[in-house]
Amino acid sequence: MSRPAGREPRRLTRWWRRRSLRTRLTVIAATAIAVSVFVAFQVASELMDWELQDTAENQLRADSRVLATNAERAGLTQVQLPPYPGSGRLVRVILPDGSIRTPAGQPALPPVSEQAGRVAQGASPDLMESNDSEEGYLIYTLRAGDGAVQVAQLADDSPINRFGFGMLLIGLLCVVGGALVGRTVARTGLAPIDRLTAAAVRVAHTRDLDADIPDEGGGEIRRLIQSINDMLAALRDSRRAQRLLAEDAAHELKTPLTSLRLNVELLIRLDRRGTLDSALPAESRTRLLNDLGAQVAELSTLAAELTDLARGEVSDENTEVLDLADVVVAAATRARSRVPDVEVALDVTSVWVSGRPAALERAVLNLIDNAGKWSPAVQPVQVRLHAEGASVVLEVDDAGPGIDVADVPRVFDRFYRADSARALPGSGLGLSIVQRVVDAHGGRATVARSARGGALLRVGLPAAAPPAPIARLTAEEDTAAC
């Protein structure tokens, strides 16, 4: 069975790809030199062959003119033809009747060609022709008197052969030298890459992200090293952030877990003793169970917020153009269901942004929840949404005590809680998640004092053009109104 035609090229391609860059450069350099030498040999051979043939033809013409002059003086039948010396040019006289005269001892030339016969008959003044026989004669025929004279020379390829052999030796030396030079250049040029690879392997084995790779070399190598050092710096920041997140999470989880464990252990101990009913009256048990439920809810909220914070900007949710008013209304509805005692007053207009709906809804919900903790029961949380130039502005306003000036710079830090908020439920992650979501959408979150004395949390996001059908419908409505 024959192999498929495309299998060998694919196998050669796989073999080539498995070679090291140093080997590839060596092969490429040697191949380039070999091709250059071959092309140079072909061009030089053609030029040399043309030059030798031109010289030989000029010599034949000169010898033929001398012989023709002698023949016209003495006659074709009487002109003296010296004996053949054993080498060199060959001569022949073509008489009017078509017969020929040759010097004594001269090797026989090929028969007179039809074109040479026409020269002897006066149809053409001269003729340069090459014979295709094994001897390979170059013959020049010149009209003389009533006939013609011919001077021939055996084609000699020995100069070309010697030249080709010399070029072959030179080519082999050049290929070997080119391979050595290519290998040396590749080794020298790739030395920074080798050191970079060794440094990267060392970082991978030791997990030491603090050791930057020395900046050496120039051009592409320097940019590559700088890029890897930037990547290591980003990895250091990521690992530091993960460590801080783990430490903060452990710290924040410790308090509710300790309280939950103590309450559960108390219930278990009293139940084992059989004194649960006598030691804890119904009112105390109800209060303890409510505390347990609140602690479990706090842990659930903290776990969810930690998950959102740890994910950061990594999300499987697709970005889409959406009406932020719908997101705000949905978040306000969830906030009312979670804390029925908090009133949320909405003043929103339809504005469009490009973003992730679930992430934006979570951020708005966190803003409303945070305001609801501080706003008095008789004062609603005011949520306003409007366009402002090329931005969309969301404001969440409460009538609480406001935020101290010293706390303003750290409001959006994770796990940060002001002294006045220690007694309130929460993990200190809500506004940090808001900051992350706003940053991911190219916006900005700020805090200020509300006109009602409380806190005013303000989020600005880049506005987006509404979808085409909505824009067309709006334009039609404006035209109808005019």
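No hydrogens, no waters, no symmetry mates; every other heavy atom, side chains included, goes into these values. Residues take their numbers from the sequence shown, with the count starting at 1.
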Report the distance from atom CG of L461 to atom CG of L394, rounding to the nearest 0.5 Å.
8.0 Å

So, do L360 and V353 sit near enough that their side-chain heavy atoms are less than 4.5 Å apart?
yes

Not counting sequence neighbours, which residues clear side chain to side chain donor-acceptor pair (under 3.5 Å) with D126? List them please.
Y140

Point-to-point distance, once rounded to the nearest 0.5 Å, from CD of E51 to CD of E46:
13.5 Å

Between the CZ atom in R143 and the CD1 atom in I94, the distance rounded to the nearest 0.5 Å is 10.5 Å

Are any side-chain N or O atoms of R101 and backbone N or O atoms of L76, one a donor and one an acceptor, separated by less than 3.5 Å?
yes

Output all residues satisfying side chain to side chain donor-acceptor pair (under 3.5 Å) with E57, sequence neighbours left out; order by chain, then residue number.
Q53

Which salt bridge (charged side-chain N to carboxylate O under 4.0 Å, His left out) pairs, counting each pair once, include a residue from residues 67-89, with sequence neighbours left out?
D63-R89

For the residue pair V91 and Q106, establish whether any side-chain heavy-atom pair is separated by less than 4.5 Å.
yes

Short question: side chain of D54, backbone of W50 - any donor-acceptor pair under 3.5 Å?
no

I need the full list of salt bridge (charged side-chain N to carboxylate O under 4.0 Å, His left out) pairs touching residues 109-118, with sequence neighbours left out, sorted by first then second residue.
none

Are the side chains of V434 and L457 in touch, meaning some heavy atoms are under 4.5 Å apart?
no

Contacts of E129 that satisfy side chain to side chain contact (heavy atoms under 4.5 Å, CB included) - sequence neighbours left out:
S113, A116, L127, I139, T141, Q150

The side chain to side chain donor-acceptor pair (under 3.5 Å) partners of S99 (sequence neighbours excluded) come to D97

Measure the spacing between CZ of R236 and CE of M231 and express it to the nearest 0.5 Å.
10.5 Å

Exercise: do Q226 and D230 side chains pair donor with acceptor under 3.5 Å:
no

Got a sec, which residues hit side chain to side chain contact (heavy atoms under 4.5 Å, CB included) with S350, two or more places apart in sequence or on another chain?
D323, W352

With no hydrogens and no angle check, is any side-chain donor or acceptor of Q153 less than 3.5 Å from a backbone partner on L60?
no

Report the C-alpha separation of V437 and N366 in whole Å, then their side-chain angles, then the decisive distance to 0.1 Å, and conclude whether the side-chain contact (heavy atoms from CB on, under 4.5 Å) test is met.
CA-CA 11 Å; V437 173; N366 286 354; over 6 Å; no

For R65, which residues count as a side chain to side chain contact (heavy atoms under 4.5 Å, CB included) partner, sequence neighbours excluded?
R61, A62, L142

Looking at CG of L52 and CG of L138, how far apart are the two atoms once the value is rounded to the nearest 0.5 Å?
11.5 Å

Do L385 and V392 have side chains that approach each other closer than 4.5 Å (heavy atoms only, starting at C-beta)?
yes

Side chain to side chain contact (heavy atoms under 4.5 Å, CB included) with R384: which residues, sequence neighbours excluded?
D347, Q382, E395, D397, L456

Member of L324, L322, D326, T319 meeting the side-chain contact (heavy atoms from CB on, under 4.5 Å) criterion with P357:
L322

Heavy-atom distance under 4.5 Å between the side chains of Q115 and V119, does that happen here?
no

